[in-house]
Protein chains: 2
Amino acid sequence: MTTQTRIRRLVKRPVSKAADEVRTVDYHALARFRYELRRFLAFSETAARKEKLTPQQHQALLSIKGFSHDKPVSVGDLAKLLLIRHHTAVELIDRMTKLGLIARAADPDDRRRILVRLTAKGERRLRKLSRIHFEELSASGEALMDMLQHFRQSGHG
Amino acid sequence: MTTQTRIRRLVKRPVSKAADEVRTVDYHALARFRYELRRFLAFSETAARKEKLTPQQHQALLSIKGFSHDKPVSVGDLAKLLLIRHHTAVELIDRMTKLGLIARAADPDDRRRILVRLTAKGERRLRKLSRIHFEELSASGEALMDMLQHFRQSGHG
DNA sequence: TCAAAATATATCGTAGTACGATCTATTTGC
DNA sequence: GCAAATAGATCGTACTACGATATATTTTGA
């Protein structure tokens, strides 16, 4: 048996017996779910790095673009959207500005705030990545959905 | 408007117009999905740290427990299951062994391989965490499922 | 209206951890 | 039985998130 085959068998093992026993935690289902999650995140990371972006940079571009509807997001907004500390967001924005992916602009309404927007370069990279991710999610998001459904069913039994 | 309210509005904005336009990528949907993903991972990290575990340590415990059915997993198996390099797994296992969470054992069938198993301490921590995660997933996995369903529908349109 | 408190951004030093490069031990294949 | 492949371990490096702290601006309240 090759190692790849071994891993496949470890992961895609037949439905766990533990699901029948009410008091027992279904470790295999949880482990599979986290494995699928990691697979998606690994896919995403690989796709991002092909576009010369770190995963965080990709996430930042997506959050800035996806959540700037009425008004651009600020440094603090981005921190909250990425669930990181303010100064971590500042550093991330520093690096991305240096790379020409985004640009800062003072908020005229509140001069403490700094608004962030994508540059043309940032837009291009994000568009490409988002198309790829959309396809991946409409295709292989199935495994994740199956697992989530499994939890919903057993959770309310 | 409080900042929390602002973030909530940024995230839970009404359905994006972009979904109608076929050639346009729905950035807001992708951004929301990733936001929900980060929220789950942040929940998981907080829960793990309450049990004095790093997220990676929690993942390792879960993978070892959840994928050791016929035979314990080896160092290399764990690396593949966690999608990390062999030596990263070695280092992770080193740290966890030092903390008394897991234990190494030589594989009698292949003396190159080292098998890994949970200690009683590791079992206790994982059981507690897994119950919490199971509840979280059966409850608030809903948001994730909604997003995934959205991608499935639009993806094949 | 002006000082104190709150809010927003920025800077610096530190620490955790994943990785590449490299090494040793064991097994497998010809 | 020797070369190649596989498995695990060691060491130095680099990235990045964080805590502590500093500065600027706005808001609050006497």
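Proteins get letters first, then strands, A, B, ... in listed order; numbering begins at 1 in each.
- Rounded to whole angstrom, the span from the CG atom of A/L92 across to the P atom of C/dA10 amounts to 12 Å.
- Annotation: side-chain hydrogen bond (donor to acceptor under 3.5 Å, both in side chains) contacts involving residues 115-126 of chain B, sequence neighbours excluded, comprise B/K65-B/E123.
- Going from atom CD1 of B/I93 over to atom P of C/dT17 covers 14 Å, rounded to whole Å.
- Side-chain contact of A/T54 with A/R95: a donor-acceptor pair under 3.5 Å is absent, judged by distance alone.
- The NZ atom of A/K52 sits 12.0 Å away from atom CG of A/L99, with the distance rounded to the nearest 0.5 Å.
- DNA chain D is contacted by no residue of residues 58-76 of chain A, taking any non-hydrogen atom closer than 4.0 Å.
- Within the structure, every pair that satisfies the ring pair (Phe, Tyr, Trp, His ring centres under 6.0 Å) test and touches residues 29-53 of chain B, not counting sequence neighbours, is listed here: A/F33-B/F40, A/F40-B/F33, B/F33-B/F151, B/F43-B/H133.
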Next on the checklist: Protein within reach of the bases, or only the backbone? For nucleotides 20-30 of chain C, mark each nucleotide 5' to 3' as B, S or -, using heavy atoms under 4.0 Å.
Outcome noted: BB----BS---
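- For B/R39, the CZ atom is loosely surrounded, since the number of other residues' heavy atoms within 6.0 Å does not exceed 12.
- We find that CZ of B/R6 is positioned 10 Å from P of C/dA8, with the value rounded to whole Å.
- Here side-chain hydrogen bond (donor to acceptor under 3.5 Å, both in side chains) pairs that include residues 84-94 of chain A, with residues two or more places apart or in two chains, are A/D94-A/R104.
- Atom NZ of B/K50 has 12 or fewer heavy atoms from other residues, nucleotides or ligands within 6.0 Å.
- Residues A/L101 and A/L61 come closest through the heavy atom pair O-CD2, 4.2 Å.
- Taking B/R127 as the reference, nothing meets the salt bridge (charged side-chain N to carboxylate O under 4.0 Å, His left out) condition, with sequence neighbours excluded.
- One distance of note links CG of B/L30 with CG of A/L126; it measures 8.5 Å at 0.5 Å rounding.
- Atom-to-atom, CE of B/M96 to P of C/dA18 comes out at 12 Å; the value is rounded to the nearest Å.
- The salt bridge (charged side-chain N to carboxylate O under 4.0 Å, His left out) test applied to B/E45 returns B/R49, not counting sequence neighbours.
- Legend: residues meeting ring pair (Phe, Tyr, Trp, His ring centres under 6.0 Å) with A/F67, ordered by chain and number and at least two apart, are B/H28.
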Next on the checklist: Would A/L82 and A/S63 count as a side chain to side chain contact (heavy atoms under 4.5 Å, CB included) here? Give the steps.
Outcome noted: CA-CA 8 Å; A/L82 294 179; A/S63 290; 3.6 Å; yes
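- Taking both residues in full, the closest heavy atoms of B/M145 and A/R152 are given as CE-CD, 3.8 Å, listed atom of the first, atom of the second, then distance.
- Residues of residues 97-105 of chain A that place a heavy atom closer than 4.0 Å to DNA chain D do not occur.
- The list of salt bridge (Lys or Arg N to Asp or Glu O under 4.0 Å) pairs with a residue in residues 72-81 of chain A, not counting sequence neighbours, reads A/D77-A/R113, A/D77-B/R6.
- With a heavy-atom cut-off of 4.0 Å to chain A, the contacted part of DNA chain D has its first and last nucleotide at D/dA7 to D/dT26.
- Contacts with DNA chain D (heavy atom under 4.0 Å) in residues 32-54 of chain A: A/T54, listed by number.
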